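None of the values given here were measured: they were computed from a predicted structure. Computation of the quantities below employed the complete heavy-atom set of this structure, encompassing side-chain atoms and omitting hydrogens, waters and symmetry-equivalent molecules. Throughout, protein chains are lettered first and strands after them, A, B, ... in sequence-line order, and every chain is numbered starting at 1.
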Amino acid sequence: MNRQELFDIAENWFIEQNWKPFPFQKETWKAFLQGKHGLLNAPTGSGKTYALWFPIVLNYIKQNPDYKNKHKKGLKAVWITPLRALSQEIRQSAERVVTDLDTQMTVGIRSGDTSTKARAQQKKQMPDLLITTPESLQLLLASKGYDKIFKDCTSIVVDEWHEILGTKRGVQMELALSRLKTVSKHLRIWGISATIGNMEQAREVLLGPQSEALENSVMIKANINKKITVKSIIPKKMETFPWRGHLGLHLLEYIIPIINNSKTTLLFTNTRSQCEIWFQKILEKHPEFAGEIAMHHGSINKETRIWVENAIRNETLKAVVCTSSLDLGVDFAPVETVVQIGGPKGVARFLQRAGRSGHRPGKESVIYFLPTHAIELIEASALQKAVKQNTVEDRIPYLNSYDVLLQYLTTLAISDGFYPNEIFREVSDTFCYQALSEENWQWLLNFLVMGSQSLQSYDEYKKVDVEEDGRFKVNNRGVAMRHRFQIGTIVGDVNLTVKYQKGGYIGTIEEYFVSKLNKGDVFTFAGRNLEFIRIKDMQVHVRNSKKKTSKVSSWMGSRLTLSAQMSELLRNELYSSGEEREKQSIEIQSLTHIFERQRRESIVPQPDEFLIETFKSRDGYHAVFYPFEGRFVHEAMGSLLGYRISLLSPITFSLAFNDYGFELLSDKPIDMQEVLDNNLFTTDFLLDDLQKSLNATEMARRKFRDIAIISGMVFTGYPNKGIKMKHLQSNSQLLFEVFRDYEPDNLLFQQAFTETFEHQLEEGRLRLSLERIATQNIMWKQCEKATPFAFPLITDRLSREKLSSEKLEDRIKRMAAILMKK
DNA sequence: GACCTGCTGCGGTTTG
């Protein structure tokens, strides 16, 4: 069958379905059938699965003209999804293509949800088309004879590539692909990605920089312009609208008509506790919604979440309060309206959420933005622009993640073993390890065989043997077993399960929250009021309570920072406040009185200006700086500046920071003129000063915990045996200290610092923003008291507390105490 | 003078 004939089949199929073939699908089939690799830039709900299942099956037909009589069994294509929950839908589209084209191909899913028995069965006879996760793919690479499984695999599709690109799961994917390129001789690699800023780089990471695959590849853009309408909720009485805060409850009544006027509404909150509070408050103020609204976040029991998802689909719910747990996942056609409560911190996240509504081709997406404090209205205005200009963030790929590489090498060593030369070539073709030196490679190999220099006398770190023919192989079954348990790069927090005494799981909660509770205390979780009874076997036993309570479960998640794009948009909106009123957005207009007050007491900076405010209060001498660069950069810049000032004359500061700026507070006045004269914002010796200024070691220590687990140095325990937090924490800490004292050139130890600077403190952005400040005029204003801009910062006691090592130790002690009790 | 903080995701024998 030639290509044209195949093409006709496909086209007819589309006509029969009464679907209009989108040009991008034809384009994809064409490129695929020509043997090209590619990256398909298409949003969810655009028929992207058909765009690839089709050519995959057509290609099989092409290679087996007699396919109806003689079906050739064996794995032909692998579809990678980062979310197990998406597998079913992907399977359905595959099955439809397979049956409609009248082949006998089989479709299967392999993930953590697949039973052990089914997995074993599956390995004996692989389905033709397999849907799986990055982790399960690695587990396949960890089994003997994996090369035979993948020998005739012709295609691998990485779905939602933008989601995993900037994560260690992405690195894991790069490594798997580097192996499969060799094992599967006729492999086509395709990625599917939503629009991101660095689309070209996304392709490079997927296929390998300077690789043959990249040369023989295409980028296909679906160009489906979705109409998105953003509506900001602007309080009628701005005068009483708070300057700070994050819950946004004072605007609760504004969303009631929105919920009433729409079939189904999703309310996105930024944190799980915020989600709990909003759910509770809506019901409290509007009991008529009882049974019609629900809640969804990552700590709620899975069954409940699935129930909620289905209820959305069946249109039995009016509204769901949720966190980003509903960002991705099953498409909810009935969702008409989306509300974002509080700043989404990034444009992509906002668009993603907007796209959850109006999920039908040609339908408009509507998203309401509910600000939680005054300055967030500037963000609202910025988001309006962002949507118009189609701005989106980059996803920055990881570089040199030695921990993931060590895990991967161990994976290969427990299956068939590997020859270093062959694997080195493959690995150094990936984006992540393109700069991997021969010397570091040797270090890693040595680490596998000997443990590191300082761990040589401990046998548990000697995992891999070198065979006579030079093959690296794990021969210890215990090592192999434990490694399989621990494949993956997601290191979760240790949580306790919350359940009723007579059974019935409600969800998970952090130990630190429970540690604050006493027997009989009532707290809100998963929308219920629960009475705390006891902790037993890592479980929190509770019973329902009618008592009122103000204790709402909270979790210590990672903190979101304003993205670089959002920051820039925000600054631009701020500058626009100086323009004529007609040119301003309604959000900026609504802030007029705040801007006026800010101008009265200080200034609103213009593009060429950098604002510093100083004033004195009961608490001491305040110096507030406004780079508008997001909290991470401010944390770094604040400590950097504090350190540099203290070099001029001894002085101690406490630091506070938020997304808009940072504050140095001291009991002595700062000689600001001296600060300005000494050019303290310079990028010279940046890294060095940063190291000295903040507790980089403490931050790195926290990063190291993940690295130690991913690289396999610390074992997280057997399934269902309960994880001993104490051990986990202390083991990785112990290793960290050993390396710090005896082996500072250890690559994993160093990686902890690299990750701290690049990912936590965003050194690159810090540098850029310092350079920007260098070109601006410094506007130093000596104020009487806190200005509207300064107010949120100086009252932010929470961010002022810098994490100290004592805190961590306290935490471990508490944990140990709990473990001892049981 | 305004203030209830901190997301998501996966995996859990193999081999004879």
Side-chain angles (χ1 to χ4, degrees), chain A residues 81-86 110-116 119-120 123 132-139 142-145 160 163-164 167-170 172 239-250 268-278 280-281 296-299 322-329 342 344-346 349 352-353 372-374 414-415 474 477-493 510 524 550-561 594 597 631 658 716-721 723 785-786 788 791-799:
Chain A
T81 165
L83 226 64
R84 284 183 311 217
L86 295 173
R110 188 185 188 91
S111 74
D113 293 339
T114 317
S115 74
T116 316
R119 269 201 303 273
K123 206 173 276 176
T132 188
T133 60
E135 287 80 8
S136 288
L137 179 66
Q138 290 283 331
L139 279 162
S143 59
K144 270 212 167 54
E160 314 279 355
E163 272 301 316
I164 55 173
T167 71
K168 288 187 181 178
R169 296 179 87 189
Q172 204 174 26
E239 294 72 28
T240 52
F241 196 56
W243 293 357
R244 67 151 308 192
H246 78 283
L247 282 181
L249 288 170
H250 19 250
F268 282 101
T269 57
N270 282 337
T271 70
R272 283 166 283 184
S273 65
Q274 191 181 16
C275 179
E276 297 269 349
I277 294 169
W278 265 86
Q280 195 187 20
K281 291 288 176 199
H296 193 284
H297 65 67
S299 292
C322 61
T323 63
S324 42
S325 54
L326 283 184
D327 265 357
L328 274 182
K345 308 289 177 195
R349 187 177 295 111
Q352 172 83 261
R353 290 176 178 179
T372 59
H373 62 254
I414 65 173
S415 54
V474 166
R477 285 174 76 168
V479 169
M481 180 181 75
R482 283 193 293 276
H483 182 74
R484 283 196 186 91
F485 280 147
Q486 202 157 311
I487 279 182
T489 59
I490 301 169
V491 182
D493 303 313
E510 280 185 23
T524 304
S550 57
K551 285 198 183 94
V552 179
S553 333
S554 66
W555 293 261
M556 301 226 293
S558 56
R559 297 154 182 203
L560 297 170
T561 186
I594 290 183
R597 179 149 172 195
R631 59 183 310 130
N658 64 15
T716 48
Y718 295 93
N720 304 323
K721 290 259 166 69
I723 306 161
K785 55 181 180 191
F791 193 82
L793 258 171
I794 64 156
T795 52
D796 198 351
R797 305 282 162 202
L798 269 169
S799 67

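- Taking 4.0 angstrom as the limit, A:Ser143 places none of its side-chain polar atoms (N or O) nearer than this to OP1 or OP2 of B:dT15.
- Under 4.0 angstrom from either OP1 or OP2 of B:dG11 there lies at least one side-chain N or O belonging to A:Thr133.
- The CG-P distance, from A:Leu83 to B:dG11, rounds to 10 Å in whole Å.
- A:Thr116 comes within contact range of the sugar-phosphate backbone alone, with a heavy-atom separation under 4.0 Å but no base atom that close.
- A:His297 comes within 4.0 angstrom of the backbone, heavy atoms only, and of no base.
- A distance of 6.0 Å separates CG of A:Leu328 from CG of A:Leu83, quoted to the nearest 0.5 Å.
- Comparing B:dT14, B:dC4, B:dG6 by their closest approach to the side chain of A:Arg631 singles out B:dG6.
- You'll find that the side chain of A:Leu249 is closest to B:dC4, out of B:dT8, B:dC4, B:dG6.
- As rounded to whole Å, 13 Å separates atom C1' of B:dC3 from atom CZ of A:Phe241.
- Counting any heavy atom pair closer than 4.0 Å across all strands shown, A:Gly112 reaches sugar-phosphate atoms only and no base atom.
- You'll find a donor-acceptor pair under 3.5 Å spanning the side chain of A:Arg244 and the base of B:dT5, going by distance alone.
- Between the CZ atom of A:Phe485 and the C1' atom of B:dG12 there is a distance of 5 Å, given to the nearest Å.
- Considering only side-chain N and O atoms, A:Arg482 lies nowhere under 4.0 angstrom from the phosphate OP1 or OP2 of B:dT13.
- Here A:Ile414 lies out of heavy-atom contact (under 4.0 Å) with every strand.
- The two residues A:Asn270 and A:Gly342 make their nearest non-hydrogen contact at ND2-C, 3.9 Å.
- When distances are taken from the side chain of A:Ser554 to each of B:dC7, B:dC4, B:dG6, the shortest belongs to B:dG6.
- Rounded to whole Å, the distance from CG on A:Asn270 to P on B:dT8 is 11 Å.
- A:Ile490 comes within contact range of at least one nucleobase, with a heavy-atom separation under 4.0 Å.
- For A:Trp243, there are no side-chain hydrogen bond (donor to acceptor under 3.5 Å, both in side chains) partners two or more places apart in sequence or in a different chain.
- In this entry the distance linking CD of A:Glu239 with C1' of B:dG1 reads 14 Å, nearest Å.
- Close to B:dT5, at under 4.0 Å from its OP1 or OP2, lies no side-chain N or O of A:Arg272.
- Of the candidates B:dG6, B:dG1, B:dC4, B:dG6 carries the atom nearest the A:Ser273 side chain, counting heavy atoms from C-beta on.
- When rounded to the nearest whole Å, the span between CD of A:Glu160 and P of B:dG9 equals 13 Å.
- At a threshold of 4.0 angstrom between heavy atoms, the contacts of A:Arg477 include nucleobase atoms, whether or not backbone atoms are also involved.
- The CD1 atom of A:Ile594 sits 11.5 Å away from the CZ atom of A:Phe791 when rounded to the nearest 0.5 Å.
- Along DNA chain B, the nucleotide nearest A:Ser415 and the nucleotide nearest A:Ser136 are compared for position; the residue whose nucleotide lies closer to the 5' end is A:Ser136.
- The side-chain heavy atoms of A:Gln352 and A:Phe268, taken from C-beta on, include no pair separated by under 4.5 Å.
- Contacts of A:Lys281 with the nucleic acid, taken as non-hydrogen atoms under 4.0 Å apart, include base atoms.
- Counting non-hydrogen atoms under 4.0 angstrom, A:Thr489 reaches nothing in the nucleic acid.
- Annotated as syn: B:dT13, whose glycosidic dihedral is within 90° of 0.
- As judged by a 4.0 angstrom heavy-atom cut-off over every strand, A:Thr271 is placed among residues touching the sugar-phosphate backbone only.
- Partners of A:Phe241 under the ring pair (Phe, Tyr, Trp, His ring centres under 6.0 Å) rule, at least two apart in sequence or in another chain, are A:His250.
- Using a 4.0 Å heavy-atom distance criterion, A:Arg597 is classed as a base contact.
- Within the 4.0 Å cut-off from OP1 or OP2 of B:dG11, at least one side-chain nitrogen or oxygen of A:Arg84 is found.
- In this structure, the side chains of A:Lys123 and A:Arg110 come closer than 4.5 Å at one or more pairs of heavy atoms.
- The nearest heavy atom of DNA chain B to A:His296 and to A:Gly245 marks one nucleotide each, and the one closer to the 5' end goes with A:Gly245.
- Residue A:Phe791 has its side chain nearest to B:dA2 when only B:dG9, B:dA2, B:dG16 are considered.
- The base of B:dC7 is not paired with the side chain of A:Thr323 by any donor and acceptor separated by under 3.5 Å.
- Put simply, NE2 on A:His246 is 15 Å from C1' on B:dA2, counting in whole angstrom units.
- Nearest nucleotide to the A:Trp555 side chain, out of B:dT13, B:dC7, B:dT5: B:dC7.
- Computed from coordinates, the A:Gln138 CD to B:dG9 C1' distance equals 16 Å when rounded to whole Å.
- Across all their heavy atoms, A:Ser415 and A:Ser143 have their closest contact at CB-O, 3.4 Å.
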